[in-house]
Structures are given as C-alpha cells and as structure tokens.
Amino acid sequence: MATVALDARGTRVSSARGTRVVVLVAVLAATCVLLPGLGHTPLVDWDEGIYAEVARGVREHDAWRLTWNGEAYNRKPPLLFWAIAASYEVFGVSEAAARLPSALAGVATVGVVAAVVATRSGPVAGLLAAALLLGSTLFLERGGRRACTDSLVILFSAIALWRATANPGTRRARIEAGVAIGLGILAKGAAGLIAPVALLLAAPLDRTRRADCAWMMAVATLVAAPWYAVQLWIGGTEFLASHVGFELIERALRPIHGDGAPWWYPLWVMRWNGGVWVPVVALAAVLRASVDAELRPGILPWLCFAALVVAASMSMQTKLPWYPLPALPMLAVAGGLAAARGAARSWTAVRSVALAGLGLVALHSLALTGTARRTVIDEELQFVPFRDLGARIALALGEEPFIGATRENPTLIFYGGRPIRIYQEEELSRLLRDPDSLPRAGLVPVAEADALLGGGAEEIARFGDRVLLRFAPVASVPPTAAQDVEAIDPAAEPAHDA
C-alpha cells in the first residue's frame with residue numbers, strides 16, 4: 001500500500017521505495033541546477049575570496065590554525081574550510097573545487113526537504129516542496145552554488161530536525177540529531193544552535209522532547225568541543241574577541257557593514273529573493289498547524305526554526321540579505337507537511353486545496369529557476385576583472401612577499417597568491433619610494449600613481465581607479481596579459497564577510 005494515515009508524531013505515510021524515488025528525482029533536479037558551471041565564473045568578493053584562501057591555508061599549512069592574508073583567522077568555525085581543502089586535494093585549487101562542498105550541501109538540502117515531506121505527506125507533496133527552493137535566487141546563491149558557510153549549517157539543521165522528529169525518544173534519533181547539531185556548530189557557530197531551540201519551542205512541556213534535546217546537546221558538544229578547546233588554548237581572548245565579540249555581539253548591537261537597514265528588510269529579502277511562494281506557504285503552514293492538532297506536532301518545529309531565523313535577522317543591527325536564508329528550506333518543509341492528510345475525513349478537502357496551492361507556487365518557482373540561476377551567474381561575472389588582475393599579479397610580481405594597497409579585496413588575495421597589507425595613501429606612497437622598505441609593489445589610487453611613476457615606478461596594470469605598480473625591475477611580461485583591466489569600482493562593493 002502506498003500511503004497510510006499520518007499521526008500526531010508525523011509517522012510516515014509513503015512507502016520507503018516511493019520516498020527513495022522522490023528523493024532521487026529531487027536530488028537530480030538540484031544537481032542539474034546547482035552543479036553545472038561552478039568553475040566558469042570567478043569567486044565573489046568578499047566571502048568566497050576569503051573562504052577559498054583560508055581553505056588553501058588549511059591544505060598547505062595547518063587544519064587547526066586558520067589563517068587568512070598572513071594572519072590568524074578566528075571569525076568562523078572550520079568545517080567549510082576543511083571541506084574545501086579536501087576538495088582542493090582531489091580536484092586542485094580552483095573556483096569549482098572551492099564551491100563544490102557548498103553546492104553538494106545545497107543538493108543534499110533539497111533531498112532532505114523532499115524526504116521529510118514525502119515520508120509524511122506523500123510523494124507529490126515531497127516533489128513540490130523540493131521544487132520551491134530551485135527558483136529562489138537567495139537559495140541558489142548562498143544556499144548552494146557559492147562557497148559559503150550558510151549551505152552547510154542549513155543542511156545539518158534540516159537533518160537535525162528531521163531525525164529528531166522522525167523517531168523521538170530513541171537513542172538513534174538523539175545521536176543522529178546531536179551529530180548534525182554539532183556539525184552545524186562547526187559550520188557556522190551559534191547558528192547551529194537554532195535547531196535544538198526550535199525543537200524545544202515547538203513542545204516546551206513535552207518531557208520526551210526535553211530529554212531528547214538534552215541528549216542531542218551532549219552529543220553535539222562532543223562533536224564541536226574539541227575544535228573550540230584547541231582554539232581557546234591557541235588564541236585565548238583574541239579568539240573569543242573575534243569569534244564571539246565581533247561575529248556575534250558586534251553584529252547584533254551595531255551595523256558593522258554600511259548603515260544598516262530597517263527592521264522589515266529580511267521580510268523584503270525573503271519575498272523578492274526567496275520567491276513568491278514564501279508568504280503563501282508560510283501562511284498555509286501556520287493555518288494548518290493552528291486548526292489541526294493531528295498535524296501540529298509535525299509542522300511546529302520547522303515553523304519555529306523559520307520564525308527564530310526571521311526574528312534574529314530582524315533584530316540584528318547588521319542586516320545582510322542572506323541572514324533569513326535558513327528559513328527557506330524549513331518553510332518548504334512546513335508547507336509540504338501542511339498538505340498532509342489529517343485523521344478526520346473532513347480534512348480531505350482541506351488537503352486537496354493545500355496540495356493544489358502548493359503545486360501552483362512550486363510550478364511558479366520552477367518556471368523561475370532559469371532566471372534565478374542566470375541572475376546569480378551574472379553577478380559572479382562582474383568579478384572577472386578581479387580574477388584577471390589577480391592572475392596578472394601572480395605572473396608579474398615574482399617573489400614579492402606582499403602587496404601594499406589602500407583598499408582590501410579578498411578575491412585579489414586568492415588570485416594573486418600573496419597577502420595584501422592596507423595603508424593610508426600617503427604612507428603607502430612613502431614606503432614605495434623607499435628602496436630599503438617593503439612593500440615594493442602596490443595598488444595605488446590614480447591620483448597618487450603619476451608621482452610614483454615619475455619617480456621610477458613601473459606600471460603593471462590598471463584596475464578601476466587604481467594602478468598596480470612596483471619600483472623593483474621586473475621580468476618581461478607576456479603580451480597576453482592585458483595592460484589595462486577594465487573593472488567595476490571595488491569601492492562600490494560592500495565589505496560583508498558573514
């Protein structure tokens with residue numbers, strides 16, 4: 001028999017074989033959307049450039065001491081960097097290798113969404129719920145295609161909720177969910193704790209749920225604590241100041257990038273970058289959970305997770321467009337569960353309406369998949385000049401230990417293969433003129449370049465409103481490297497390492 005009724009705990013309604021088919025179809029679709037062309041576009045400032053370079057340091061130096069731009073990097077946990085370093089080991093250092101772990105995590109997230117919904121609401125609902133994500137620009141960009149920590153924490157949070165609600169009260173569920181929570185913490189720090197908090201909020205008086213969460217956190221601690229213990233031993237207060245003070249507290253208390261945004265900005269992002277399905281599915285899930293006590297325990301953990309993410313995004317003074325992203329897969333699951341059968345026959349018509357609505361918004365999302373993918377790729381193509389100049393730097397500057405600059409561009413650090421030190425304009429000009437000091441190469445504003453060129457500096461390339469030059473003689477550079485690099489103005493790109 002293909003399906004059976006759904007109980008209050010969300011027991012399965014699809015056959016194991018039917019669920020496997022649904023997951024396979026969803027994973028194949030996500031693979032076709034997320035994986036092709038990962039290496040055809042350059043890495044994006046800021047995050048991709050930083051993460052790809054930190055991972056290269058892991059591969060070449062030390063997996064426990066993260067470094068970037070020649071200094072300790074304490075702002076993020078290590079899981080993404082370990083995964084990228086492993087990808088480098090297999091495929092070599094490249095854009096595709098840097099993005100592959102995140103893209104695979106995005107594919108797996110679509111598979112988890114399909115599995116949860118197909119198991120509890122049937123195969124059609126499972127496919128529709130997975131389809132919601134594939135037309136979302138926000139999900140394709142930060143939840144799958146690009147080298148970012150978001151895709152990993154989303155995947156492990158979804159697995160944690162899935163396993164915790166599938167077999168509550170069992171040792172296996174506690175271990176599986178606990179390991180997933182621990183990996184989520186190693187992927188994005190405190191964001192990995194949202195899943196157990198959501199589970200508790202969904203059933204605060206349930207003794208089994210409280211015991212489950214206590215065991216999960218114990219397992220998660222065993223998974224994540226060793227890395228944190230090593231970092232505290234190595235970095236001490238410096239690690240805490242960066243990992244907790246800046247990454248968490250500072251972002252919450254003040255807008256560390258730009259001038260901030262209004263409180264409703266995350267809602268706007270979810271609607272326009274997430275998809276039209278977001279408010280429709282969220283409303284359907286809330287209504288079904290509020291009126292159907294049979295389905296409520298299965299839907300609430302996913303809704304609580306999404307609500308926590310949105311509330312945190314709205315309350316933080318730093319508002320970046322991908323902060324509400326983790327809510328999207330959870331809302332897709334909640335919407336899929338809202339289309340499940342209830343025990344009473346009176347819910348048959350409600351389920352039909354919910355399934356029809358889910359189908360409409362899912363088809364609309366699928367129709368936008370091509371447009372969403374092109375939007376993401378077009379944004380990446382804007383950084384071709386960064387890649388070109390980075391290749392020029394690596395080719396022309398030989399053994400120079402680092403470059404002086406008046407602005408920081410992480411992607412140039414990755415492609416140029418050397419650190420960039422930041423100076424005030426006057427200080428950099430003075431140091432470049434001194435034959436006994438470093439740096440001997442610099443990216444200087446056009447206004448400063450003429451005087452330096454008149455003093456004997458050699459122009460290597462132009463990049464937007466900056467000139468790459470050096471004073472020491474350089475070997476001849478092949479004519480294939482363009483002398484002038486047309487570029488967007490790097491000053492227009494906001495600094496947002498999240």
Side-chain angles (χ1 to χ4, degrees), residues 1-24 26-27 108-123 125-127 129-130 153-184 192 194-203 206-220 223 285 288-289 292-306 326 329-343:
M1 186 165 103
T3 61
V4 294
L6 174 72
D7 71 7
R9 288 292 186 181
T11 54
R12 68 182 54 190
V13 298
S14 288
S15 67
R17 181 180 179 182
T19 298
R20 285 195 295 270
V21 171
V22 167
V23 171
L24 178 61
V27 165
T109 297
V110 174
V112 170
V113 169
V116 174
V117 176
T119 298
R120 303 177 185 180
S121 297
L127 286 175
V153 74
I154 290 170
L155 171 62
F156 292 121
S157 296
I159 291 174
L161 292 184
W162 174 29
R163 303 321 300 155
T165 56
N167 297 291
T170 65
R171 178 183 299 178
R172 179 175 178 177
R174 291 168 174 175
I175 293 175
E176 291 172 344
V179 170
I181 292 168
L183 293 175
I194 298 176
V197 175
L199 286 167
L200 282 175
L201 286 178
D206 189 325
R207 292 184 178 180
T208 301
R209 178 66 56 79
R210 292 200 299 266
D212 284 348
C213 288
W215 279 104
M216 291 173 202
M217 287 308 303
V219 174
V223 173
R288 191 73 195 271
D292 192 339
E294 190 79 14
L295 295 181
R296 190 177 303 139
I299 297 175
L300 277 183
W302 305 91
L303 280 180
C304 286
F305 188 105
M330 312 311 172
L331 287 177
V333 172
L337 297 181
R341 287 184 174 87

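Here the structure is a predicted model, which means the values were calculated and not measured. Note that the numbering runs from 1 along the sequence shown for the chain.
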Quiz item: Is the side chain of R163 donor-acceptor paired with the backbone N or O of A173 at a distance under 3.5 Å, no angle test?
Solution: no

Exercise. Considering non-hydrogen atoms only, spot the tightest contact between P301 and T165 and give its length.
Key: CG-CG2, 4.0 Å

Exercise. Kindly compute the distance separating SG (C213) from CG (D206), expressed to the nearest 0.5 Å.
Key: 9.5 Å

Quiz item: For G336, does its backbone N or O pair with a side-chain atom of S121 as donor and acceptor, under 3.5 Å?
Solution: yes

Quiz item: What distance separates L295 CG from L300 CG, expressed to the nearest 0.5 Å?
Solution: 10.5 Å

Quiz item: Does the side chain of L199 come within less than 4.5 Å of L161's, by heavy atoms?
Solution: yes

Self-check item: Listed partners of P329 passing side chain to side chain contact (heavy atoms under 4.5 Å, CB included), at least two apart
Solution: T109, V113, L133, F139, I154

Quiz prompt | Separation between CZ of R209 and CE of M216, rounded to the nearest 0.5 Å | solution = 7.5 Å

Quiz item: Which pair of non-hydrogen atoms, one from G178 and one from V219, has the smallest distance, and what is that distance?
Solution: C-CG1, 3.7 Å

Quiz item: Closest heavy-atom contact between E294 and P297?
Solution: O-CD, 3.7 Å

Quiz item: For the residue pair C304 and A198, what are the closest heavy atoms and their distance?
Solution: CB-O, 3.8 Å

Practice problem: Going by the side chain to side chain contact (heavy atoms under 4.5 Å, CB included) test, name the single residue among V112, V117, L303 that passes it with V333. | Solution: V117

Quiz prompt | R120 side, atom CZ; I299 side, atom CD1 - distance, nearest 0.5 Å | solution = 10.5 Å

Practice problem: Over all heavy atoms of both residues, which pair between A177 and A160 is shortest? Give the atoms and the distance, please. | Solution: CB-O, 3.6 Å

Quiz item: How far does CZ of F305 sit from CG of L201, to the nearest 0.5 angstrom?
Solution: 12.0 Å

Practice problem: For V223, enumerate each residue passing the side chain to side chain contact (heavy atoms under 4.5 Å, CB included) test, keeping only those at least two apart in sequence or located in another chain. | Solution: V179, L183, L186

Quiz item: For the side chain of D212 and the backbone of R174, is there at least one donor-acceptor N/O pair under 3.5 Å apart?
Solution: no

Practice problem: First locate atom CG of L337, then atom CG of D292, and finally report the distance between them rounded to the nearest 0.5 Å. | Solution: 11.5 Å

Exercise. Return the minimal non-hydrogen interatomic distance between A338 and A285, and the atom names on each side.
Key: CB-CA, 3.9 Å

Practice problem: Please identify each residue that fulfils side chain to side chain donor-acceptor pair (under 3.5 Å) with R172, with sequence neighbours left out. | Solution: E176

